[in-house]
Colleague: 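Here's a structure for you.
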Amino acid sequence: MRRSTAVRLAATAALVGLAATACGTGSADDPANAGQTSQAAEPTEIDTGATVDVRLVLEPTSLDIATTAGAALDQILLDNVYQGLLTRDEDNAVKPSLATSFDESSDGLTYTFQLAKDATFHDGSKVTAADAVWSLQQVTKAGSKNPDAAALASVKSVSASDDHTVVVKLKHRDTGFTWGLTGRAGIVFKKGTDFSTLAGTENGTGPFRLSGWKRGSSITFVRNDAYWGTKAKVAKVVFHYIKDDNAANNAQQTGQTDIETAAQADLLQPFSDKSKYTVLRGDTTDKFTLALNNASGPTKDVRVRRAIRQAIDNVGLIKTLGGAAEPVGGPIPPSDPGYEDLTPVDAYDPASAKKLLKQAGYGSELKLTVQIPNIYPTEIGDYLASQLKQVGIQLTVRQVEFQTWLDAVFTKHAYQLSLVDHAEARDLYNFANPDYYFGYDNADVQKWYAAAQTAVSDTERDALLKKAAKQVAEDAAADWLFVNQTLTVVRSGVTGVPVGFTSNRYNLANLAVAKK
């Protein structure tokens, strides 16, 4: 899925699913840390009046999902309050949503979507093809403020052949088109919606409605009893925004929360009693990325960038942080198309790193600064400073507010090194965009990525993506420290909890509580 430059903002830099901190009493070998990839079956008797309290990390800055960037919005609003033509399942695969089915023409240039005939907005009005057409046109029109507008850049026209049939014609074949519709670009709003009102009101089509927002604390959803599809199994869900990991653990232990997302691997000892808790382990596309400014400063020199990569023992970092992650070595995580294990590229080699720095003319005199949003564990910055010191780089770690990071790093590109979690799936396009804050500009990568988007088959697409990703890694455009794995602690009696890819969306459709 492709995105524009300035609008990607926090959406690519999603700040959830943190790696484990190293300040707990548990150990990576503790049974509670192992985690499960599945959970108990739904209980026979369900408490349909139940309230479920969920710990999340990053609170949205606004609830305007049409124009405000930020994965914190996608995480809670997609599928639950707003729905698109298509969605993604637990395996990150494209699935029907408001469009119950779709057909692709043999040349890949026309898509025909059949809308659910009984779908309604929260105000009770019917969802029609006119609503879908209007919504897509707001994304594709010139000057669109939708953060995912570039996902539909290939769209030539959108029309309705009847009240429940939407026809989309593309300018060229686009292998990422249906994927693009699973995000906010594919949301169906009521025709004529004033997007300026969405920060305070909503009129979605999903199984939940927004009930209240206590800024700095929590957001509450209530079941939409008039929902057109299968109704939610719980009456209310309260998202509690708790950044501190120990505070989150305390909330889970004392019953203030029923679900603790982004749990820390070495803080799981209190949840080892399997009669009370289940620990779920899921995959993510969260790439904790050490950005190296390719456009200015010492890191403009590829030898310096390669030296930085070779100076960092990523496997050691993962162990330090509790083990709930895996090395990746490149910009594509294992669950995305085009993945290839690139960990051998610029693997840990301090001696080689020193040689590269000497060749670049720095010896042991290089001083650099890394800017890290302060919601991340301080252990990461400490580890990086320690590793780089061994090869003669003096690293100053600056913990900053996320808004400061957005202004200085993302917007103004005023940085040398930066650490942020790029959680969005299929976001290789960032390295095919020289205007992105990485400042990476490689014509071959741009050519290969563009060709991948118009490939005639997935096999051809994946081969091109692999080629581009390998070049990005060999150019040391960044250092991908690890791909995070998400750990979720669940109170006994609660089922249907999302397991994987929870940084991007947290679908509550199957959430259920056993009747006591």
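Throughout, residue positions are numbered sequentially from 1 according to the sequence presented. Keep in mind that what you see is a predicted model, and the values were worked out from it rather than measured.
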Colleague: Does Q359 offer a backbone N or O that forms a donor-acceptor pair with the side chain of R303 under 3.5 Å?
Modeller: yes
Colleague: Can you find a pair of side-chain heavy atoms, one from S296 and one from K300, that are under 4.5 Å apart?
Modeller: no
Colleague: Do you know the tightest heavy-atom contact between A478 and A291?
Modeller: CB-CA, 4.4 Å
Colleague: Would you sort out whether Q310 and D349 count as a side chain to side chain donor-acceptor pair (under 3.5 Å), showing the intermediate values?
Modeller: CA-CA 5 Å; Q310 293 178 17; D349 189 341; over 6 Å; no
Colleague: Can a donor-acceptor pair be found, under 3.5 Å and without considering hydrogens, that links the side chain of T182 to the backbone of W179?
Modeller: yes
Colleague: Taking side-chain hydrogen bond (donor to acceptor under 3.5 Å, both in side chains) as the definition, give me every residue that meets it alongside T87, ordered by chain and number, with sequence neighbours left out.
Modeller: D79, R505
Colleague: Looking only at the aromatic ring of each residue, does the gap between the centers of W405 and Y437 stay below 6.0 angstrom?
Modeller: yes
Colleague: Calculate, to the nearest 0.5 Å, the distance between atoms CD and OH belonging to Q471 and Y440 respectively.
Modeller: 5.0 Å
Colleague: Run L78 and I187 through side-chain contact (heavy atoms from CB on, under 4.5 Å) and show every step you take.
Modeller: CA-CA 8 Å; L78 288 178; I187 291 176; 3.7 Å; yes
Colleague: Can a cation-pi geometry be assigned to R309 and W480, taking NZ or CZ under 6.0 Å from the six-membered ring centre and within 45° of the ring axis?
Modeller: no
Colleague: When you check the gap from the basic side-chain N to the acidic O, do D74 and R184 get nearer than 4.0 Å?
Modeller: yes
Colleague: Under a 3.5 Å cutoff, is there a donor and acceptor pairing between the side chains of S275 and D273?
Modeller: yes
Colleague: Just to verify, what does Y362 make a ring-ring contact (aromatic ring centres under 6.0 Å, His included) with, not counting sequence neighbours?
Modeller: none
Colleague: Sub-3.5 Å donor-acceptor pair from the side chain of N293 to the main-chain atoms of A295, do we have one?
Modeller: yes
Colleague: Can a donor-acceptor pair be found, under 3.5 Å and without considering hydrogens, that links the side chain of Q371 to the backbone of S418?
Modeller: no
Colleague: Quick one: list whatever passes ring-ring contact (aromatic ring centres under 6.0 Å, His included) with F501, sequence neighbours left out.
Modeller: none
Colleague: With side-chain contact (heavy atoms from CB on, under 4.5 Å) as the criterion, how do V490 and L280 come out once you've worked through the C-alpha distance, each side chain's angles and the decisive distance to 0.1 Å?
Modeller: CA-CA 8 Å; V490 183; L280 302 172; 3.8 Å; yes
Colleague: Between A311 and A353, what is the shortest heavy-atom contact and its length?
Modeller: N-CB, 4.1 Å
Colleague: Going by distance alone, is a donor N or O of one side chain under 3.5 Å from an acceptor N or O of the other, for D286 and S503?
Modeller: yes
Colleague: For this output row, return yes or no: ring centroids of F288 and Y376 closer than 6.0 angstrom.
Modeller: yes
Colleague: If the plane angle is over 60° it's perpendicular, under 30° parallel, otherwise tilted; pick one for Y436 and H422.
Modeller: perpendicular
Colleague: Can you tell me if Q253 uses its side chain to pair, donor with acceptor, with the backbone of P270 under 3.5 Å?
Modeller: no
Colleague: Show, in sequence, the C-alpha distance, side-chain angles and deciding distance for D341 and T343, and conclude whether the side chain to side chain donor-acceptor pair (under 3.5 Å) test is met.
Modeller: CA-CA 6 Å; D341 180 6; T343 54; 2.7 Å; yes
Colleague: Considering all heavy atoms of both residues, which atom of A265 and which atom of G322 are nearest to each other, and what is their separation?
Modeller: CB-O, 3.5 Å
Colleague: R215 versus W213: any side-chain heavy-atom pair under 4.5 Å?
Modeller: yes
Colleague: Does D91 have any side-chain hydrogen bond (donor to acceptor under 3.5 Å, both in side chains) partners at least two apart in sequence or in another chain, and if so, which?
Modeller: none
Colleague: Please tell me if the side chains of D382 and V397 come closer than 4.5 Å, counting only heavy atoms from C-beta onward.
Modeller: no
Colleague: Checking F177 now: which residues fulfil ring-ring contact (aromatic ring centres under 6.0 Å, His included) with it, not counting sequence neighbours?
Modeller: Y111
Colleague: How long is the gap from CZ on R306 to OG1 on T299, to the nearest 0.5 Å?
Modeller: 15.5 Å
Colleague: Is there a side-chain contact between P60 and I76 in this structure, where contact means two heavy atoms from C-beta onward sitting under 4.5 Å apart?
Modeller: yes
Colleague: Identify the two heavy atoms, one from I312 and one from Y348, that lie closest to each other, and give their separation to 0.1 Å.
Modeller: C-CD1, 3.6 Å
Colleague: With no hydrogens and no angle check, is any side-chain donor or acceptor of D258 less than 3.5 Å from a backbone partner on V494?
Modeller: no
Colleague: With a 6.0 Å cut-off (strictly less than), is the heavy-atom count around CD of E460, excluding the residue itself, greater than 12?
Modeller: yes
Colleague: Closer than 4.0 angstrom, basic N to acidic O: yes or no for D64 and K145?
Modeller: no
Colleague: Stepwise, does the side-chain contact (heavy atoms from CB on, under 4.5 Å) test hold for V370 with R398?
Modeller: CA-CA 6 Å; V370 61; R398 287 188 57 210; over 6 Å; no
Colleague: Tell me every residue that passes ring-ring contact (aromatic ring centres under 6.0 Å, His included) with F221, counting only those two or more places apart in sequence or in another chain.
Modeller: F239
Colleague: Any luck finding a side-chain donor-acceptor pair between T175 and R461 under 3.5 Å?
Modeller: no
Colleague: So, taking the atom named CG in D427 and the one named CG in N433, what distance separates them when rounded to the nearest 0.5 Å?
Modeller: 12.0 Å
Colleague: What's the spacing between E326 CD and T284 OG1 if we round to 0.5 Å?
Modeller: 8.0 Å
Colleague: Under a plain distance cut-off of 3.5 Å, with no hydrogens placed, do N294 and D441 share a side-chain donor-acceptor pair?
Modeller: no
Colleague: Can you check whether I308 reaches L290 side chain to side chain, under 4.5 Å on heavy atoms?
Modeller: yes
Colleague: When you look at L56 and Q75, which way does the side-chain contact (heavy atoms from CB on, under 4.5 Å) test go after all the steps?
Modeller: CA-CA 10 Å; L56 295 181; Q75 185 184 37; 3.8 Å; yes
Colleague: Taking atom CG of L292 and atom CG of L417, what is their separation to the nearest 0.5 Å?
Modeller: 5.0 Å
Colleague: Set out, in order, the CA-CA distance, both residues' side-chain angles and the distance that settles side chain to side chain donor-acceptor pair (under 3.5 Å) for S154 and D174, then state yes or no.
Modeller: CA-CA 7 Å; S154 62; D174 184 354; 2.7 Å; yes
Colleague: Report the C-alpha distance between N374 and E401 in whole Å, list the side-chain angles of each, state the deciding distance to 0.1 Å, and finish with yes or no for side chain to side chain donor-acceptor pair (under 3.5 Å).
Modeller: CA-CA 6 Å; N374 60 9; E401 294 289 336; 3.1 Å; yes
Colleague: Donor-acceptor pair, K287 side chain versus E424 backbone, under 3.5 Å?
Modeller: yes
Colleague: With a sphere of 6.0 Å drawn around CD of Q394, does it hold more than 12 non-hydrogen atoms of other residues, nucleotides or ligands?
Modeller: no
Colleague: Kindly compute the distance separating OG1 (T285) from CG (N484), expressed to the nearest 0.5 Å.
Modeller: 10.5 Å
